[in-house]
Amino acid sequence: MILCSTLCSAPHRRAPAAAKRHAPGLSALVLALALACGAGPALAQANAPEKEGTWISIRPDLFPSAEVGDADGIVTLEAPGRAEDAALVPLTIALALPPGDPRTLKAVTLVVDENPAPMAGRFSFGADVRDFSLSLRVRVNSYSFVRAVVETSDGTLHMAKSFVKAAGGCSAPATKDTADSIARLGEMRFRVFPASASGGRTEAQVQIRHPNFSGLQLDPTTRGYTPAWFVRAVEVRQGERLIFAMEGGISISEDPTFRFSFTPSAEPVTVKAEDTEGKLFARTFPGNAG
């Protein structure tokens, strides 16, 4: 069993009434704000890059026991300035401690300030990790800062941020046939990309078939909101060694896909996942799968 917190127990602002099954007591006001995707210039003005009001208000809930410092060269975040698809915004987080630094990397938290649930995911690492790269796709509901906050083994926090112009990602309809997604629920793929194909270092990719409903999407048949239903935990191991474990929320895009730094070996790679309905998925792959 994968141990993780649910969306309801993670620090977040309230999501709309469609998600009551997972987040009771939700307000219509937040629904209206979350769906304000067509405001265009008004959103741009309200969420201009120099505005940090949202971050100031949510930071104490997300990181109550430590100050969040600058990136200090430990964390970088690549994000598009303007997203082509607000429901599939590509992000790449690169983490690296400087030579001689005795610390290790403990976890990185991905935050989308203006999303109904700002904490998109927390990725924790196994022992003795000093550098790591991770790429994934997220939903962005309105013009927003996206932040990667890394925690080192001594408890200090370092943050990189990027401003992304996107709107409507959390309420966008699924891009794939829902019936087919449910029929293939939990199917997994694992690939290894040699260094020559990934810009200098070997990487691996895990994909999990799941609609990852946010609770903000309209059902075209009933015209009601599809209840939130998403992958809330993922664990990837190479042999007994933990590569990463994720606790996620509604901001992770459908068919969650993670590309990460990887060292191939004879040890098998095991991927486990759990969704908010308690469904468990697991598969083991060869550690040098191409």
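- Of the candidates Gln238, Arg241, Glu240, Glu267 forms a side chain to side chain contact (heavy atoms under 4.5 Å, CB included) with just one, namely Gln238.
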Side-chain donor-acceptor pairs under 3.5 Å in residues 87-100, sequence neighbours left out?
unit_1 : atom_1 : unit_2 : atom_2 : d
Thr92  : OG1    : Ser135 : OG     : 2.8

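- One finds no salt bridge joining Arg223 and Asp219 here, because no Lys/Arg side-chain nitrogen approaches an Asp/Glu carboxylate oxygen to under 4.0 Å.
- At a cut-off of 3.5 Å, with distance as the only test, no side-chain donor of Thr156 or Glu151 sits close to an acceptor on the other residue.
- At a threshold of 4.0 Å, the pair Glu277-Arg232 does not count as salt-bridged, since none of the basic side-chain nitrogens sits closer than that to a carboxylate oxygen.
- Contact of the Pro118 side chain with the Val112 side chain is not registered, since no non-hydrogen atoms from C-beta on lie closer than 4.5 Å.
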Candidate pair Arg147 and Trp55, rule side chain to side chain contact (heavy atoms under 4.5 Å, CB included), full reasoning = CA-CA 10 Å; Arg147 305 172 191 269; Trp55 172 242; 3.2 Å; yes

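- Between Phe190 and Phe262, the ring planes lie perpendicular to each other; the angle is over 60°, past the 30° to 60° tilted range.
- Leu157 is not listed as a side-chain neighbour of Glu67, based on a closest heavy-atom distance of 4.5 Å or more.
- Looking only at atom types and distance, the side chain of Ser144 has no donor-acceptor partner in the side chain of Asp113 under 3.5 Å away.
- In this structure, the side chains of Ile252 and Leu136 come closer than 4.5 Å at one or more pairs of heavy atoms.
- Two residues are said to be in side-chain contact when any heavy atoms from C-beta on lie closer than 4.5 Å; Ile208 and Asp255 fail this criterion.
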inquiry  = Under the criterion ring pair (Phe, Tyr, Trp, His ring centres under 6.0 Å), I'd like the reasoning laid out for Phe244 against Phe125: C-alpha separation, chi angles, the key distance, then a yes or no.
reply    = CA-CA 5 Å; Phe244 72 86; Phe125 309 117; 7.7 Å; no

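- Looking only at atom types and distance, the side chain of Ser162 has no donor-acceptor partner in the side chain of Glu78 under 3.5 Å away.
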